Amino acid sequence: MPELPEVETTRRSFADRIQGARVLAVRLGKPLRWPLGCAPETLVGQSVGAVARRGKYLWMPVGARGGLLLHLGMSGSLAFEATPAEPGPHAHFDLVTTSGTLRLVDPRRFGAVVWSAALDADPAARLLAGLGLEPFDPAFTGAHLHAKLRGRRVAIKQALLAGDVVVGAGNIYACEALFEAGIDPRTPAGRISRPRCERLAVAVRRILGQALELGGTTLRDFRDAHGMEGRFQRHAKVYGRAGQPCPSCATPVRRTVQGQRSTFYCPHCQRR
DNA sequence: AAGTGGACCTGCTAGC
DNA sequence: TGCTAGCAGGTCCACT
């Protein structure tokens, strides 16, 4: 599910309401990807700070000594409600506060909630180390992309997903950005010219920005913390559209597999 | 160092 | 109707 637009949409939908609230209780469901890393009761009585985002992670300061690093994995979503329903079978983390309850619902449990003393302390630092630039960072340019991709033989699609050059584009938006830039997703990353890197950097930023404006993509279960669905899926030009005509040239969109993930592209508009 | 494949887990859908 | 295979928005880790 959650690529940068979904994570940022989620953040914006509850950050203001939870900031300054005091933790009343913590409820854990089934294990997530990693253990919480602290005794839940140590969070009780602490106040919540300003929620920030780095890549697809959220950082929520709790008390003066640290905070929680959250990841939504493939199927996670966060809900923030004054009076939450009884936790269902997939509600694996509740942070009950004086302002409401923040609840992680995650059927596949690839998501995580991890205590860390600080963003620059383990385990947060370990998880965030090696992340590439934020796509809206002015330093993320065609020149940066070109320099970071030099010498790399992996396909550009996989290089984008790896997140060590630029963060935030997952399977949907990597496909969409490559379509917009007119680049075949199988092109070896290091063989993309500087001008095409410029186009790709612009496309990544534009696609992620458009998705953010539309509240992200809801394929099946994504909701923001108000329960609202995203609307980008109506604007996807290639993702999930195998066999359907390319919106630019009407050639049927193709599906292929790269690194065990589906890739969608137009064989006419996207070139090596 | 960079690239590859497996692992984690559940639910849904298409096809027989 | 019921079973099975295949697929799904992520990313860490071990191995070559």
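Quick caveat, the model's predicted, so the values are computed rather than measured. Letters A, B, ... are given to chains in the order of the sequence lines, protein chains preceding strands, and every chain is numbered from 1. No hydrogens, no waters, no symmetry mates; every other heavy atom, side chains included, goes into these values.
In R272(A), the CZ atom is crowded: over 12 heavy atoms of neighbouring residues, nucleotides or ligands sit closer than 6.0 Å. The environment of CZ in R186(A) is crowded: more than 12 heavy-atom neighbours from other residues, nucleotides or ligands sit within 6.0 Å. Within a 6.0 Å sphere centred on NE2 of H226(A), heavy atoms belonging to other residues, nucleotides or ligands number more than 12.
For the pair D106(A) and S75(A), the tightest heavy-atom approach, listed with the atom from each and the gap, is OD1-OG, 2.5 Å.
Here Y57(A) lies in heavy-atom contact (under 4.0 Å) with sugar-phosphate atoms only. Note on R33(A): a base of the nucleic acid sits closer than 4.0 angstrom, heavy atoms only.
Counting heavy atoms from C-beta on, the side chains of I183(A) and R199(A) never come closer than 4.5 Å.
Considering only side-chain N and O atoms, H71(A) lies nowhere under 4.0 angstrom from the phosphate OP1 or OP2 of dG10(C). Look at S262(A) and you'll find a side-chain N or O under 4.0 angstrom from OP1 or OP2 of dA8(C). Using a 4.0 Å cut-off, some side-chain N or O of K56(A) falls inside it from OP1 or OP2 of dT11(C).
The CG atom of L69(A) sits 14 Å away from the C1' atom of dG10(C) (whole-angstrom rounding). Rounded to whole angstrom, the span from the CZ atom of R186(A) across to the P atom of dT4(B) amounts to 15 Å. Here the P atom of nucleotide dC12(C) and the CZ atom of R126(A) are 9 Å apart, to the nearest Å. Regarding K30(A), its NZ atom lies at a distance of 10 Å from the P atom of dC9(B), rounded to whole Å. In this entry the distance linking CH2 of W34(A) with C1' of dA7(B) reads 13 Å, nearest Å. Spacing between atom CG of N171(A) and atom P of dC7(C) amounts to 13 Å, rounded to whole angstrom units. In this structure, L72(A) places its CG atom 13 Å from C1' of dT11(C), rounding to the nearest Å. Between Q258(A) atom CD and dT11(C) atom C1' there is a gap of 17 Å when expressed in whole angstrom units.
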Problem - Sequence-aligned protein contact record of nucleotides 11-16 of chain B, with B where the base is within under 4.0 Å of a protein heavy atom and S where only the sugar-phosphate is - result: S-----
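Hydrophobic cluster of L161(A): no remaining members, since no ILVMFWY side chain lies below 4.5 Å from it.
Where stacking is scored as ring centres under 5.5 Å apart with planes under 30°, F110(A) does not register as stacked on the base of dC9(B).
Note on L208(A): it clusters hydrophobically with L214(A), by side-chain heavy-atom contacts below 4.5 Å among ILVMFWY residues. Criterion: ILVMFWY side-chain heavy atoms under 4.5 Å apart, direct or through other members. Under it, F179(A) and L219(A) are part of a common hydrophobic cluster. Residues M60(A) and F93(A) share a hydrophobic cluster, clusters being chains of Ile/Leu/Val/Met/Phe/Trp/Tyr side chains in contact below 4.5 Å.
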Handout entry: Secondary structure of DNA chain B in dot-bracket form (Watson-Crick or G-U wobble, distances below 3.5 Å, | marking inter-strand pairs)
Key = .|||||||.|||||||
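For the atom pair CG (L145(A)) and CZ (R196(A)), the distance works out to 12.0 Å, reported to the nearest 0.5 Å.
Set against dC12(C), dT10(B), dG6(B), the side chain of R109(A) has dT10(B) as its closest nucleotide.
Interface residues of residues 143-163 of chain A facing DNA chain B, ordered by number: R152(A), R153(A), V154(A); criterion, heavy-atom separation under 4.0 Å.
Counting distance only, with no hydrogens placed and no angle test, the side-chain atoms of R108(A) and the base atoms of dA8(C) include a donor-acceptor pair under 3.5 Å.
Applying the ring pair (Phe, Tyr, Trp, His ring centres under 6.0 Å) rule to pairs touching residues 56-88 of chain A yields Y57(A)-H71(A), sequence neighbours excluded.
Residues satisfying the salt bridge (Lys or Arg N to Asp or Glu O under 4.0 Å) test with R152(A), not counting sequence neighbours, are D164(A).
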